[in-house]
Chemist: 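One structure, pasted below without further comment.
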Amino acid sequence: MNENTNPYAPPQANVKLAKPLVVGELLATPRSVSVGAGMGWLLQSWPLVKKDLGIWVLITLTLLAFELIAVFIPLVGSLILGILMPVFTGGLLLGIQAAEKGQPLAFESLFAGFQTKLSPLAILGLLNFVIFLALVIVFMSSAVVVAVVTGASPNPEDQYAGLLIVFLFIAGFLLFLAFFILTFLIWLAIPLVTLHHLPIAEALKLSWTASLRNFFSLFVFAIFAAILIFLGAVPLFLGLLIVVPLLYVSLYKSYQALFLQ
């Protein structure tokens with residue numbers, strides 16, 4: 001009896017374990033989710049963070065230290081930070097994917113993107129930095145032009161009293177909107193490049209479609225994320241040791257919800 005039953009016991013256990021860990025195929029068109037889906041991504045992230053909390057704290061401290069060092073590097077520090085953050089993120093996504101399959105999260109996952117997808121992820125970071133800088137330059141240049149025009153008017157108080165304020169309000173809103181779309185355009189392209197090996201152009205195309213189809217869902221998620229970051233920063237920034245890992249895992253969860261069958 002033992003000879004008949006023992007060979008079958010391990011396969012049965014493995015099948016049960018594998019069912020929730022199957023990675024779905026990539027959808028041809030990104031899925032549209034409910035407005036409150038972002039809260040679900042955050043809640044689903046906590047078990048994976050809690051499982052490897054010690055490693056996550058070490059990873060977060062390393063990332064914060066890197067960002068702090070980059071800030072103090074004149075001129076090129078922000079560029080280096082902008083280029084490398086998607087590379088770090090890609091590596092962490094590989095680690096999160098392995099953790100979801102039952103493996104412990106490794107600290108080395110932080111650097112896995114340098115070994116697998118350095119070029120495309122760095123290009124995404126550079127693209128993000130260049131577009132961000134261009135938007136800021138356009139906004140500042142437009143504000144200066146309007147200020148000069150209104151200031152040169154013979155009676156600026158009578159004719160253009162509120163023009164500059166109105167322009168700054170509208171332009172500021174459009175700038176925020178552009179930053180928001182740009183953030184999620186890059187944010188969602190990173191897992192497509194890293195985990196599905198898509199070319200940059202194809203990843204950005206799918207990311208763009210997903211961002212437009214789920215604009216309000218992502219906006220609500222961004223609000224939740226901003227609240228968590230604020231709360232995490234209040235107690236001497238110690239809460240960020242939990243919030244930052246939650247946001248990285250929620251990226252993985254959003255990728256699953258939007259792009260996988």
Chemist: Under 4.5 Å between any side-chain heavy atoms of M39 and V220, yes or no?
Modeler: no
Chemist: Rounded to the nearest 0.5 Å, what separation is found between the CD1 atom of I83 and the OG atom of S78?
Modeler: 11.0 Å
Chemist: To the nearest 0.5 Å, what is the distance between CG (D52) and NZ (K50)?
Modeler: 12.0 Å
Chemist: Quick one: are V136 and F179 in side-chain contact, heavy atoms under 4.5 Å?
Modeler: yes
Chemist: I'd like to know whether F259 forms a side-chain contact (heavy atoms from CB on, under 4.5 Å) with L27, so could you lay out the CA-CA distance, the side-chain angles of the two residues, the decisive distance to 0.1 Å, and finally the verdict.
Modeler: CA-CA 5 Å; F259 297 109; L27 293 168; 5.7 Å; no
Chemist: When rounded to the nearest 0.5 angstrom, what distance separates CD1 in I242 from CH2 in W46?
Modeler: 5.0 Å
Chemist: Measure the shortest side-chain to side-chain distance between H196 and E202 over non-hydrogen atoms and say whether it is less than 4.5 angstrom.
Modeler: no
Chemist: Between F216 and F219, does the ring centroid distance fall short of 6.0 Å?
Modeler: no
Chemist: To the nearest 0.5 Å, what is the distance between CG on L241 and CD1 on I59?
Modeler: 12.0 Å
Chemist: Could you check if a side-chain atom of W56 sits within less than 4.5 angstrom of a side-chain atom of V244, using non-hydrogen atoms only?
Modeler: no
Chemist: Can you find a heavy atom in the side chain of L94 that is under 4.5 Å from one in the side chain of S109?
Modeler: no
Chemist: Verify whether the ring centers belonging to F180 and F184 lie closer than 6.0 Å.
Modeler: yes
Chemist: Supply the atom-to-atom distance L185 CG to L124 CG, rounded to the nearest 0.5 angstrom.
Modeler: 8.5 Å
Chemist: Using 0.5 Å steps for rounding, measure from the OH atom of Y248 to the CG atom of L48.
Modeler: 16.0 Å
Chemist: Run Y252 and Y255 through ring pair (Phe, Tyr, Trp, His ring centres under 6.0 Å) and show every step you take.
Modeler: CA-CA 5 Å; Y252 181 79; Y255 140 79; 5.6 Å; yes
Chemist: Which word best sums up how the rings of F111 and F114 line up, parallel for under 30°, tilted for 30 to 60°, or perpendicular for over 60°?
Modeler: tilted
Chemist: Does any non-hydrogen side-chain atom of F139 lie less than 4.5 Å from one of L135?
Modeler: no
Chemist: What is the minimum heavy-atom distance between A122 and V87, and which atoms define it?
Modeler: N-CG2, 3.8 Å
Chemist: Test side-chain contact (heavy atoms from CB on, under 4.5 Å) on L188 and L192 and set out the steps.
Modeler: CA-CA 7 Å; L188 295 174; L192 295 173; 5.6 Å; no
Chemist: Report the C-alpha distance between T29 and R213 in whole Å, list the side-chain angles of each, state the deciding distance to 0.1 Å, and finish with yes or no for side-chain contact (heavy atoms from CB on, under 4.5 Å).
Modeler: CA-CA 10 Å; T29 302; R213 295 192 66 182; 3.1 Å; yes
Chemist: Looking only at heavy atoms, which two atoms of P30 and T209 are closest? And how far apart?
Modeler: CD-CG2, 3.8 Å
